[in-house]
Amino acid sequence: MIIRFLNLCLITLVGAGCGAKHHVIGDSESARLGKLVKPNFASINQHVIQPKCVSCHREATAKNHHIVLTDYKTIVESKVFPPLVVPGRPSQSSLMKAMASGAMPKNSSRIPEVAIENVAEWITNGALESEDDQVKPPDCTVGDPDCPKLPPECEPGEPGCGEDNDDWI
């Protein structure tokens, strides 16, 4: 219960971000962006992260909670908690949660649902940098030596551990 509260506080603080106001995304803009975004890093970076996130997350500051989203490495290898991206586990990825909840981006319109679904698919598929990277086999499980991009098993009771992953919210 305490972990849920602390994580909710963290998500709320991260949501404070730049402090700029949201504007409502129009149907045509949503449809256009939804068609552009594909479930791979290059597309997500070009159409979502660079135009909607980097203005506030270009460098680590106290105001943006030291979250930098300038390139693949700063996103996937970030040391913030909860982790921005947990390859194979979108429900444990705070980047995904911030987008899906509407908490981010603060300085832009809400990301269309289809684009959020593609971010989730990219993370589910291992959050690979390029489509040429190793693609996990369909029966890949955590701890499988053929799945080096998936994180190790978590400990019971650890935030994000478990089937429902509700302890992150």
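The analysis underlying the following values was restricted to heavy atoms, covering all of them including side chains, and did not include hydrogens, waters or symmetry mates. All values reported here derive from a predicted model rather than from experimental measurement.
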Which atoms form the tightest heavy-atom contact between [X] and [Y], and what is the distance?
{"X": "K52", "Y": "S109", "result": "NZ-OG, 3.0 Å"}
{"X": "H65", "Y": "V80", "result": "O-CG1, 4.1 Å"}
{"X": "S91", "Y": "K97", "result": "O-CE, 2.7 Å"}
{"X": "V119", "Y": "M99", "result": "CG2-SD, 4.0 Å"}
{"X": "V37", "Y": "V48", "result": "CG2-CG2, 3.7 Å"}
{"X": "V76", "Y": "A127", "result": "CG2-O, 4.4 Å"}

Exercise for the section: Would you please classify the geometry between the W122 ring and the F41 ring as parallel, tilted or perpendicular, with 30° and 60° separating the classes? Expected result: tilted
Problem - CD/Q50: more than 12 non-hydrogen atoms of other groups inside 6.0 Å - result: yes
Given 3.5 Å as the limit, does a donor-acceptor pair link the side chain of [X] with the main chain of [Y], or not?
{"X": "R110", "Y": "A100", "answer": "yes"}
{"X": "S93", "Y": "V86", "answer": "yes"}
{"X": "T74", "Y": "D71", "answer": "yes"}
{"X": "S94", "Y": "P83", "answer": "yes"}

Please round to the nearest 0.5 Å and tell me the distance separating atom [atom1] of [X] and atom [atom2] of [Y].
{"X": "N118", "Y": "T124", "atom1": "CG", "atom2": "OG1", "value": "11.0 Å"}
{"X": "H57", "Y": "K63", "atom1": "NE2", "atom2": "NZ", "value": "10.5 Å"}
{"X": "K38", "Y": "Q46", "atom1": "NZ", "atom2": "CD", "value": "11.5 Å"}
{"X": "K79", "Y": "E77", "atom1": "NZ", "atom2": "CD", "value": "6.5 Å"}
{"X": "M96", "Y": "E117", "atom1": "CE", "atom2": "CD", "value": "8.0 Å"}
{"X": "L95", "Y": "S78", "atom1": "CG", "atom2": "OG", "value": "10.0 Å"}

Problem - Connected via hydrophobic side-chain network under 4.5 Å: V68 and V85 - result: no
Practice task
Compare all side-chain heavy atoms of I44 with those of I49 and state whether any distance is below 4.5 angstrom.
Solution key: yes
